[in-house]
Structures are given as structure tokens and as C-alpha cells.
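First up is the structure itself, then whatever we jot down about it.
Every number for a ligand or one of its atoms is a count from 1 in the order of the listing. All residue numbers refer to positions in the sequence shown, counting from 1.
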Amino acid sequence: MKTIIYTEYGGPDVLHLQETEKPGPKSNEVLVRIHAVSVNYGDIIARNFKNIPAGEFNMPSLFRILARFGFGFSKPKRQILGNTFAGEVEMVGSDVKQFRAGEQVFGYTGEAMGAYAEYLCVPEDSIIALKPSHMTYEEASSVPYGATMALGLLRKVNIQKGQRVIVIGASGAIGSAAVQLASHYFGAEVTGVCSTQGMEYVKNLGAATVIDYKKEDFTKNGESYDLIIDILGKGSFSKYRASLAQNGIYLPVSFKTSKLLQMIRTSVSGGKKVICALATPNQADLEFIREFFDDRKLKSFVDQTFPLEKAAEAHSYVEAGNKKGSVVLTA
Ligand SMILES: NC(=O)c1ccc[n+]([C@@H]2O[C@H](COP(=O)([O-])OP(=O)(O)OC[C@H]3O[C@@H](n4cnc5c(N)ncnc54)[C@H](OP(=O)(O)O)[C@@H]3O)[C@@H](O)[C@H]2O)c1
């Protein structure tokens with residue numbers, strides 16, 4: 001089967017097309033013929049992991065050390081990237097009950113990756129579900145990552161109907177899902193913050209207001225928010241405190257140890273809070289997302305598609321920072 005392999009860390013050109021053996025499912029596994037795999041933040045980080053300076057790794061140092069064990073110190077342990085995919089079940093193991101050959105599915109493999117290939121085997125109880133029937137494989141492929149992360153994080157902050165939520169990084173994978181879930185599922189009034197090229201895209205997701213961070217600093221607009229979601233964690237509690245409503249929450253989705261300490265401090269002081277949370281998606285979350293998409297309340301936008309063999313080009317495109325919606329490899 002066609003596979004994109006990388007055997008050393010580095011720029012997009014470390015990604016190479018290679019023929020590898022087609023896997024066969026174990027008794028509890030589903031063999032998926034992958035039709036679309038979305039290029040996400042994790043792929044870019046994992047591809048160049050050794051060369052990313054500690055300061056640019058936007059989670060606590062301990063996570064970086066653990067990730068180095070997971071990914072490999074001098075060269076990648078797992079040589080196939082890709083963790084958010086859509087495809088068709090080709091075959092199931094003898095004990096599989098939930099899926100049948102011919103069904104269209106989508107899923108998320110997390111750090112196990114492995115989806116930059118024509119075939120992938122995953123356990124039937126992993127994060128895999130039937131694909132929303134009205135979506136193409138390309139549209140569906142980015143959803144399992146972005147939407148399950150956004151759902152998990154929004155549930156952790158107990159968001160209420162009518163609350164005012166601002167999402168900084170609203171055009172990315174997690175941010176775009178957070179805008180849609182916060183407005184269409186939780187009933188919040190959502191403001192999205194993104195760069196100029198993402199404005200129309202974020203508006204179409206359902207944001208009541210969109211702010212271009214290159215032109216306007218939302219902390220100076222006099223508005224207050226019950227929840228500030230900061231996807232890349234580039235802001236700070238001190239910067240956003242005045243923009244938080246009484247008992248408002250600052251939720252940095254990416255956070256360093258200093259923000260964890262602020263979370264502890266604000267948890268005992270009462271009033272405005274910092275909450276650093278990790279989403280821990282599961283199959284039930286993805287099934288919920290699938291139903292929600294099937295009701296057509298949630299959308300997925302594909303910015304660009306590239307054939308699998310052009311994975312290096314797709315990575316260069318994502319790294320250039322111009323994507324609005326997902327960038328998808330098709331196999
Ligand atoms: N807490 C958790 O459980 C959890 C789980 C998964 C991932 N993460 C973290 O989430 C992050 C990746 O999120 P993602 O996959 O959504 O990334 P993504 O798809 O790359 O999106 C990030 C977005 O941030 C925007 N952005 C860049 N600079 C900005 C700025 N100065 N102000 C406002 N927006 C800016 C970019 O849009 P523009 O083009 O508009 O600038 C981009 O669309 C990583 O840091 C990862 O560690 C956390």
C-alpha cells in the first residue's frame with residue numbers, strides 16, 4: 001500500500017512515499033481503507049519534534065519530556081503521521097460487533113498516528129464512528145480531532161446558554177469547532193478572533209462577531225466575556241482579566257507551567273479563574289459529534305486537498321500559516 005514515511009525529524013522534505021505491506025486486522029480490529037486524512041498541528045510538531053526549541057513547545061516542559069520518550073529522541077519511533085481520518089471499512093476482525101465491511105467511518109488515533117497511508121487497523125472500541133452521512137470523506141476527516149477536543153474542553157468549563165464566549169484562534173481545528181459547538185450546542189454568544197484571511201470563514205461558522213487580531217485588540221473594546229478560550233495560549237490572565245465578566249474563566253488550551261500555577265492560585269481566591277484542562281476524547285464523544293453533524297448544525301470546511309504523495313507540499317502549505325479550514329490528503 002502507499003504510505004508516507006519519515007525516518008528523521010526535519011522540514012516537509014523528510015516525508016517520503018513508500019510501498020509498505022497492507023495490514024490485516026486482529027480479532028478486535030477494523031481495517032479501514034483511508035480516503036482522507038487531515039494535516040493537523042500534531043503532524044507538524046511530530047515531524048520536526050527534535051528541532052523545536054523548548055520555548056516554542058506550548059505545553060509544560062514535563063509534557064515535552066514525555067513526548068520525547070513517546071515520539072523518539074533522535075529519530076521518530078512512529079514513522080507514519082496522521083491521526084484524524086475518514087474512510088471505508090474494508091474488513092473486520094472475528095470479534096468485531098459494531099462495524100461491518102462497506103461502512104463509512106471517521107476516527108482519531110491520537111499519538112499512535114498512522115493514517116498517512118492507504119490502510120489503517122484500529123480497535124473497534126477506539127475513537128472511531130460512522131461518518132456523518134451528508135459529508136464527503138474530505139470534509140469529515142478533520143472533525144474527529146478538532147471537534148472532540150473542543151467538546152471535551154467546553155464540557156470542562158460548564159458553559160451556559162446565553163453566556164458570552166470569545167475564541168482566540170477561531171480559524172484553526174479546535175477553534176473552529178469550539179465556535180460552532182459553543183454557539184449551536186451550548187447556546188452561547190460567540191466572538192471569534194483570527195487573522196484577516198480567516199474572518200469570513202469564522203463568520204460562516206456561526207460567530208456573532210469576528211475580530212481581526214492584526215487590526216484590533218479585543219481587550220480594548222470595553223466588552224466582557226464569561227469565557228475566554230485561547231487556543232495557542234499566546235495571551236495571559238493578567239492581559240485578559242479586565243475583559244472577563246465576574247466569575248469569568250480564562251481557558252488557555254495550550255499552557256505552560258506558569259498558567260497551571262495561576263490555575264491553583266485562582267481556584268482558592270474565588271472570582272475570575274484560570275482553567276487549564278486536557279481534553280480526553282473517547283468513542284462516545286465522536287458518536288455525539290457525528291449525530292450533531294448529521295443534524296447539519298455543524299459544518300466542516302476544506303481549504304485545500306493534496307494527493308497523499310504530495311504530503312510534503314501539504315505540510316509546507318500548513319506551515320506557511322494560510323489555512324482556513326482543513327488541509328486534507330486524499331488516498
Ligand atoms: N488542552 C488540550 O487538551 C489540547 C488538545 C489538543 C491540542 N492542544 C493544543 O492546541 C494547539 C493546536 O490547536 P489547533 O489544532 O486548533 O491548531 P491550528 O489548527 O494550527 O489553529 C491555530 C489557530 O491559531 C491562529 N493564530 C495564530 N496566531 C494567532 C494569534 N496571535 N492570535 C490569534 N490566533 C492566532 C491561527 O489562525 P490565523 O491564521 O487566523 O492566525 C490558527 O488557525 C496546540 O498548541 C496544542 O498543544 C491542546
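Annotation: side chain of Ile128 is in contact with side chain of Gln283 (closest heavy-atom distance under 4.5 Å). You'll find the side chain of Tyr137 stays beyond 4.5 Å of the side chain of Phe106, heavy atoms only.
In terms of protein heavy atoms, atom 48 (C) of ligand 1 is closest to Val253 O, 3.3 Å. Regarding atom 12 (C) of ligand 1, its nearest protein heavy-atom neighbour is Tyr41 CG, 3.6 Å. Atom 3 (O) of ligand 1 has Ala279 N, 2.7 Å as its closest protein atom, hydrogens excluded (heavy atom only). Looking from atom 30 (C) of ligand 1 to the surrounding protein, the closest heavy atom is Tyr213 CZ, 3.5 Å.
Among Ser171, Ala178, Gly169, the residue whose heavy atom lies nearest to atom 37 (O) of ligand 1 is Ser171.
Residue contacts with ligand 1, taken as heavy atom pairs separated by less than 4.0 Å, involve Ala277 solely via the backbone atoms N, CA, C and O. Contact annotation: for Ser254 versus ligand 1, heavy atoms closer than 4.0 Å belong to the side chain alone.
In this structure, Gly233 has no heavy atom closer than 4.0 Å to ligand 1. The closest approach between a heavy atom of Lys323 and any atom of ligand 1 is below 4.0 Å. Every heavy atom of Asn40 sits 4.0 Å or more from the atoms of ligand 1.
Annotation: Ile174 places an N or O atom under 3.5 Å from an N or O atom of ligand 1; distance criterion only. In terms of polar-atom proximity, defined here as any N/O pair under 3.5 Å, Met149 makes no such contact with ligand 1.
Looking only at atom types and distance, the side chain of Tyr6 has no donor-acceptor partner in the side chain of Asp13 under 3.5 Å away.
Applying the 6.0 Å contact sphere to CZ of Arg100 captures no more than 12 heavy atoms from other residues, nucleotides or ligands.
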